[in-house]
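In what follows, a single structure is set out as structure tokens and then discussed.
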Amino acid sequence: QVQLVESGGGLVQAGGSLRLSCVASGRPFSNYAMGWFRQAPGTERESVAAISGGGGTRYYADSVKGRFTISRDNAKNTLYLQMNSLKPADTAVYYCAANFGRATMRSDAMEYWGKGTLVTVHS
């Protein structure tokens with residue numbers, strides 16, 4: 001089993017930056033591919049980024065390419081999402097997720113989910 005706890009959400013003005021963290025319990029952490037997803041009010045959940053267990057493969061949604069960076073520190077059992085040049089459209093609850101296998105943007109492939117952290121971007 002894996003438990004995931006996100007942190008780092010908050011209120012930020014457009015153009016600003018924020019870094020989200022997700023701490024995982026359960027070992028070995030490196031066996032799990034991970035990802036970030038987000039959901040805004042009245043919308044469906046969408047994939048933001050994904051990363052392989054070793055960190056060598058990364059995927060990004062077109063809407064965040066060049067602005068967001070997903071990374072992980074397996075020694076610390078922690079996943080990160082660095083978000084730069086934030087826009088009001090980035091406002092959402094952000095969720096950390098994990099799956100035993102390949103990196104994927106599919107939410108239905110994820111086995112474990114955090115409870116989410118809210119990011120609000122104002123202009």
Side-chain angles (χ1 to χ4, degrees):
Q1 293 187 351
V2 175
Q3 289 185 312
L4 306 172
V5 180
E6 303 100 332
S7 63
L11 178 67
V12 63
Q13 68 179 20
S17 298
L18 211 57
R19 188 178 76 161
L20 306 183
S21 298
C22 172
V23 178
S25 64
R27 301 172 185 173
F29 179 65
S30 62
N31 284 359
Y32 295 89
M34 302 190 73
W36 289 98
F37 298 79
R38 67 186 183 187
Q39 186 170 18
T43 71
E44 296 295 318
R45 181 170 55 192
E46 63 176 345
S47 178
V48 176
I51 188 168
S52 60
T57 301
R58 302 174 184 179
Y59 301 119
Y60 295 96
D62 288 343
S63 60
V64 307
K65 285 181 180 177
R67 300 189 298 119
F68 291 11
T69 302
I70 189 170
S71 63
R72 65 194 295 162
D73 185 339
N74 287 346
K76 296 181 178 179
N77 289 358
T78 302
L79 175 74
Y80 302 99
L81 184 68
Q82 178 66 47
M83 305 184 293
N84 298 327
S85 301
L86 284 162
K87 306 173 181 179
D90 295 319
T91 295
V93 176
Y94 284 71
Y95 299 91
C96 170
N99 69 290
F100 189 83
R102 299 180 300 156
T104 178
M105 302 283 277
R106 291 184 56 179
S107 62
D108 60 3
M110 312 309 290
E111 298 179 71
Y112 305 99
W113 293 86
K115 294 180 180 179
T117 185
L118 177 63
V119 172
T120 302
V121 184
H122 64 91
S123 60

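For the numbers below, each heavy atom of this structure counts, side chains included, while hydrogens, waters and symmetry mates do not. For reference, positions follow the sequence shown, starting with 1.
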For the side chain of Ser25 and the backbone of Gln3, is there at least one donor-acceptor N/O pair under 3.5 Å apart? yes
Report the C-alpha separation of Val2 and Glu111 in whole Å, then their side-chain angles, then the decisive distance to 0.1 Å, and conclude whether the side-chain contact (heavy atoms from CB on, under 4.5 Å) test is met. CA-CA 9 Å; Val2 175; Glu111 298 179 71; over 6 Å; no
Mind checking whether Trp36 and Phe68 sit in one hydrophobic cluster, side chains of I, L, V, M, F, W, Y counted as touching below 4.5 Å? yes
Evaluate whether atom CD of Gln13 has more than 12 neighbouring non-hydrogen atoms of other residues, nucleotides or ligands under 6.0 angstrom away. no
Short question: side chain of Arg67, backbone of Ser85 - any donor-acceptor pair under 3.5 Å? yes
Asn74 side chain to Phe29 backbone, donor-acceptor under 3.5 Å: no
Going by the angle between their ring planes, with limits at 30° and 60°, are Tyr32 and Phe100 parallel, tilted or perpendicular? perpendicular
Exercise: identify the closest heavy-atom pair between Ser71 and Ile51: CA-CD1, 3.8 Å
Among the clusters formed by ILVMFWY side chains lying less than 4.5 Å apart, do Tyr80 and Leu20 turn up in the same one? no
Heavy-atom neighbours of Glu46 CD exceed 12 at 6.0 Å: yes
Hydrophobic clusters here meaning ILVMFWY residues chained together by side-chain heavy-atom distances under 4.5 Å, can you tell me if Leu118 and Val5 are in one? no
Mind listing the closest non-hydrogen atom pair of Gly101 and Ala33 along with its distance? O-CB, 3.3 Å
Looking at every non-hydrogen atom in both residues, tell me the closest pair between Tyr60 and Ala49 and how far apart they are. CD2-CB, 3.7 Å
Of Val64, Leu79, Val48, which is the lone residue that meets side chain to side chain contact (heavy atoms under 4.5 Å, CB included) with Ile70? Leu79
Give the minimum heavy-atom separation between Thr104 and Ala109, together with the two atoms involved. CG2-CB, 3.8 Å
Looking only at heavy atoms, what is the nearest atom pair of Glu6 and Lys115, with distance? OE1-N, 3.1 Å
Ignoring hydrogens and angles, write down the donor-acceptor pairs under 3.5 Å from the side chains of residues 92-99, residues two or more places apart or on other chains.
from  : atom 1 : to     : atom 2 : distance (Å)
Tyr94 : OH     : Arg38  : NH1    : 2.9
Tyr94 : OH     : Asp90  : O      : 2.7
Asn99 : ND2    : Arg102 : O      : 3.1

With no hydrogens and no angle check, is any side-chain donor or acceptor of Arg19 less than 3.5 Å from a backbone partner on Gly8? no
Does OH belonging to Tyr59 count more than 12 external heavy atoms closer than 6.0 Å? no
Do you know the tightest heavy-atom contact between Ser107 and Trp113? O-CZ2, 3.4 Å
Backbone N or O of Ala103 within a donor-acceptor pair of the Arg58 side chain at under 3.5 Å? no
